[in-house]
Amino acid sequence: MARDHAEPDLDRELEELPTELRWREWMRRVEAVLFASASPVPREDLARVVGQGTSVELLIEDLASDLGGRAFEIAEVSGGWMFRTRAVYAPAIRAAADVGEQVLDLNEFDVAVLAAIAYHQPITRYGLKDIFGREISRDLIGRLHARGLIGTGPRAPRRGAPYTFVTTEQFLVAFGLESLADLPDREQLEDAGVAGDQSPPLVPGDKETKSQTVTL
């Protein structure tokens with residue numbers, strides 16, 4: 001969400017409304033902001049549309065409860081909140097011809113390289129070669145970059161100062177992670193069928209990963 005624009009003339013306090021209606025209106029405002037945003041919306045942005053001192057977290061909880069039984073839900077991702085289709089409907093989304101471009105088709109090795117970057121960032125192509133024992137093609141790096149899953153990090157302090165690669169906010173959004181601390185551990189990756197003999201050493205995490213095809 002843009003943060004450098006002038007705030008609109010908006011009645012945040014809604015003092016003329018009864019308490020219950022005021023709360024419902026604040027919920028609807030939060031819902032409208034999340035619906036309009038393609039990226040996670042941080043707390044400070046949501047706080048701009050509700051009364052001073054109002055708990056954004058409680059509004060989110062009540063809104064999430066209202067969405068029970070709907071095809072989408074509120075997810076906390078990358079320090080903010082966003083709407084996300086429930087995982088159970090991913091096959092239906094992939095089957096719809098008109099949303100094919102929203103699916104990230106990553107093969108097993110693509111996912112392994114992406115995992116290596118996530119766990120070892122910032123890392124160079126040379127560092128990836130050391131992990132996998134083979135050259136990582138520029139085309140593969142280009143595919144991950146084109147999908148917005150990785151970006152360019154600081155240059156490495158070595159001869160030639162090669163570029164390093166890091167994951168992006170879009171990576172967190174695509175895999176439903178709030179932060180890099182939520183990356184799965186190696187055992188969870190193996191259970192999901194993502195980790196194999198070519199997978200990098202992984203550090204402990206908490207949440208399970210998603211498979212090679214990710215629906216945004």
Side-chain angles (χ1 to χ4, degrees), residues 1-93 96 99 101-104 118-119 121 147-151 153 166-185 188 203-210 214-216:
M1 297 288 287
R3 299 178 176 81
D4 57 354
H5 54 76
E7 296 183 14
D9 184 13
L10 179 69
D11 180 6
R12 299 176 181 170
E13 302 302 330
L14 301 175
E15 294 180 349
E16 77 285 358
L17 293 180
T19 301
E20 183 177 350
L21 292 181
R22 185 185 310 140
W23 189 261
R24 299 295 298 183
E25 174 60 22
W26 285 335
M27 285 173 57
R28 296 286 79 84
R29 289 181 178 183
V30 169
E31 181 179 14
V33 173
L34 295 181
F35 182 82
S37 178
S39 59
V41 183
R43 186 191 186 284
E44 55 267 28
D45 283 3
L46 294 176
R48 294 176 179 177
V49 301
V50 301
Q52 184 176 7
T54 302
S55 172
V56 170
E57 287 77 11
L58 288 179
L59 286 169
I60 291 288
E61 286 183 15
D62 284 355
L63 181 55
S65 179
D66 264 10
L67 295 175
R70 302 292 296 275
F72 56 93
E73 61 187 350
I74 296 178
E76 188 170 359
V77 179
S78 188
W81 292 275
M82 67 181 299
F83 281 136
R84 183 175 62 191
T85 305
R86 296 185 189 275
V88 68
Y89 295 107
I93 293 174
V99 295
E101 293 183 359
Q102 299 180 43
V103 178
L104 295 177
Y119 287 114
Q121 62 186 302
R147 287 162 172 78
L149 299 172
I150 65 171
V166 297
T167 55
T168 62
E169 181 179 280
Q170 177 60 27
F171 166 81
L172 297 177
V173 171
F175 287 90
L177 303 173
E178 182 179 351
S179 71
L180 292 175
D182 296 322
L183 285 167
D185 60 24
Q188 290 171 320
V203 298
D206 296 316
K207 296 186 179 179
E208 64 184 32
T209 189
K210 295 191 176 182
V214 181
T215 302
L216 298 182

Reported [atom1]-to-[atom2] distance for the pair [X] and [Y], which is rounded to 0.5 angstrom:
X      : Y      : atom1 : atom2 : value
Ile74  : Ile60  : CD1   : CD1   : 4.5 Å
Leu172 : Leu183 : CG    : CG    : 8.0 Å
Glu76  : Ser179 : CD    : OG    : 9.5 Å
Asp45  : Leu34  : CG    : CG    : 10.5 Å
Leu63  : Leu67  : CG    : CG    : 4.5 Å
Trp23  : Leu59  : CH2   : CG    : 4.0 Å

*Ser55 to Leu58 - nearest heavy-atom pair and separation*: OG-N, 3.1 Å
*How far apart are the closest heavy atoms of Gln121 and Val166, and which atoms are they?*
OE1-CB, 3.2 Å
*Salt-bridged, Arg22 to Glu13, with N to O below 4.0 Å?*
no
*With no hydrogens and no angle check, is any side-chain donor or acceptor of Thr168 less than 3.5 Å from a backbone partner on Gly148?*
yes
*Could you tell me whether a side-chain N or O of Arg86 sits under 3.5 Å from a main-chain N or O of Arg70, the two making a donor and an acceptor?*
yes
Hey, does [Y] have a side-chain heavy atom less than 4.5 Å from the side chain of [X]?
X      : Y      : value
Phe171 : Leu180 : yes
Val173 : Pro40  : yes
Arg147 : Gln170 : no

Per-pair distances, 0.1 Å, donor-acceptor, side chain in residues 26-33, under 3.5 Å, sequence neighbours excluded:
unit_1, atom_1, unit_2, atom_2, d
Trp26, NE1, Arg12, O, 2.8
Arg28, NE, Glu31, OE1, 2.7
Arg28, NH2, Glu31, OE1, 3.1
Arg29, NE, Glu25, OE2, 3.3
Arg29, NH1, Asp11, O, 2.9
Arg29, NH1, Val49, O, 3.0
Arg29, NH2, Asp11, O, 2.9

_Taking atom CD as the centre, does Glu16 end up with more than 12 heavy-atom neighbours from other residues, nucleotides or ligands that are less than 6.0 angstrom away?_
yes
*For the pair Phe72 and Met82, evaluate side-chain contact (heavy atoms from CB on, under 4.5 Å) and give the outcome as yes or no after the intermediate values.*
CA-CA 10 Å; Phe72 56 93; Met82 67 181 299; over 6 Å; no
